[in-house]
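As structure tokens, the structure follows; a few thoughts come after it.
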Amino acid sequence: MEKVRVRFAPSPTGYLHVGNARTALFNWLFARKHDGAYVLRIEDTDAERSEAQYETRLVEDLRWLGLDWDEGVDVGGACGPYRQSDRLELYQRYARQLLDDRRAYYCFCTPEEIEADRQRLLAEGRPPKYSGRCRSIPPQEAQRRLERGEPSAVRLRVPEGPVRFRDLVHGELEFSSDVIGDPVLLRSDGHPAYNYAVVIDDALMKISHVIRGDDHISNTPRQILTYQALGWTPPHFAHLSTILGKDHTRLSKRHGATSVSSFRDQGYLPEALVNYLALLGWSPPEEGKEILSLEQIARSFELGKVSKAAAVFDPDKLNWINRAYLKSVGRARLAELSKRYFCAAGLLTPGANGAVEDWLGDVMDAILGYLDRLDQVVEKSGLIFQFDPAAFEPASRESLASEEARQVVEAFDREFEQRDPLTVEDYRKAAQQVQRQTGQKGRNLFHPLRAALTGAEKGPELEKLIPIFEKAKVLPLPQPIPGCRERLRQALSLRTGIRK
RNA sequence: GGCCCCAUCGUCUAGUGGUCUAGGACGCCAGAUUCUCAAUCUGGUAACGCGGGUUCGAUCCCCGCUGGGGCUACCA
């Protein structure tokens, strides 16, 4: 079997979008599955819209996702250059060949003429294809006009007859060539048109399978015709369905953040994003097992099993997958990853030391169950970083106002006094003591303690919170966090205040 | 307008001419657990767009319709 070579060929006209990321992913998976090569090519022939900074972002985003490439921009390779703007002479060379073979011709039509033709055809209710006006200009005349400096484009002479191809996800596809006007190969500024450049690049880079978005289906016949005119064998094609937003229109900024970098900023893990994207249009062979690594997915990936229908992007499912990964990454990495969010909120200093990071691990462990994304850490850890009896929830104030609750809290305070800092074991012993002393148990025992410690009715387990509060006492934090006894004392004085 | 693509629970999907009383996952609901909430576990809810064919029999094959999406550039 021929060597599998696939490519991802984005144009650097903006940030990497999740839709494109999925295309990149499926190419990567296919290459991995077949032990082939994955090429990254930059399609920057549209100088007006392309920007170098976007290429850098693209490379960063792809790397972050873990979709490494074997050849291409940034890594080099045998089929370079990998940036279309560096391949201009190649496009010229093959255009000349096509011209010499009379498979292509010079077109001197002005943009105004073409637009006028288009409008007329449209008005007549006919397909707006190129008229073919310059098709039969004799070579000598074309040469003369060229020498006179007349601006000209190069067009492919499209032959009669249908164009057929077999798409790896859609099956047999057929197009009538009489709706295809002679496409421009080279623009009058000498730059190649997209549909021409891809052909030259894919052929020269020996791409075996072109896997791309299904918005390219109708471009495919043109490209196949170009391969044929050059006497080359077209690659295999596979067209992936579009990703839609909740309203079933193409996923775009209107649906919120859609760039890969924005997902990173929100605190999605790359393995989660990529896992979710793979599930959009492809399903794992084993039912019920959807949390899979790139390697696991690559092993069972098949283009033929990819869905033809457009898929709606579902943030809920992405969140579920992200939660699954957040739970599995381990406290050290979690602390490391969450640091930037705490720093941004001023709760931590960037140079935080090992003890602080270790403590942060405890914090993350406590709030993990509440997180979809890492950018929620500050919000979800509010009751750890903020302690203000004046801001206690009304329900907590109320429950602390009872005599029973006051006794429980005071008893805890006495028990805690003997240990500093308090450990989970100390706390457990204290709870037993308090239970014995006050006769309170269960909810009546723990709830007043929770209310006094956090001022809230709900939150992480006390066994997790207590060591966090205690350890925080000695940490160099920008905003000090009171320990348990301090909290109890303040809560008790608050209650007294209310009574008066 | 023309051409093209697509159509199973709310969403992602499995599935095949009869075994489908249509499977899984997310979501949602309920129960279990817990000091509380979250997490977790268990259970439940929910779909073959419509109309014609073909066939002994269609979710699965064909046609039409409807709906959605795309292309229709000297953009990519």
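Quick note on labels: first sequence line is chain A, next is B, and so on, each numbered from 1.
Nearest approach of A:Leu280 to A:Val312, heavy atoms of both residues: CD1-O, 4.1 Å.
Look at A:Arg450 and you won't find any side-chain N or O under 4.0 angstrom from OP1 or OP2 of B:C37. A sub-4.0 Å separation between OP1 or OP2 of B:A73 and a side-chain N or O of A:Arg222 is absent.
Across all strands shown, A:His170 has heavy atoms under 4.0 Å from sugar-phosphate atoms exclusively, and none from any base. Within 4.0 Å of A:His447, counting heavy atoms only, lies no atom of the nucleic acid at all. At a threshold of 4.0 angstrom between heavy atoms, the contacts of A:Leu279 are confined to the sugar-phosphate backbone, with no base atom among them. A:Gly281 comes within 4.0 angstrom of sugar-phosphate atoms only, judged by non-hydrogen atoms across all strands, and of no base. Residue A:Gly459 is classed as a base contact, given a heavy-atom separation below 4.0 Å to a base. When heavy atoms are screened at a 4.0 angstrom cut-off, A:Glu457 is found touching base atoms of the nucleic acid. Within 4.0 Å (heavy atoms only), A:Asn444 reaches no atom of the nucleic acid at all. Within 4.0 Å of A:Leu449, counting heavy atoms only, lies no atom of the nucleic acid at all.
Nearer to the 5' terminus of RNA chain B, by closest-nucleotide assignment, is the contact made by A:Lys305 (compared with the other of A:Glu43 and A:Lys305).
Aromatic pair A:Phe342/A:Phe385: ring centres closer than 6.0 Å.
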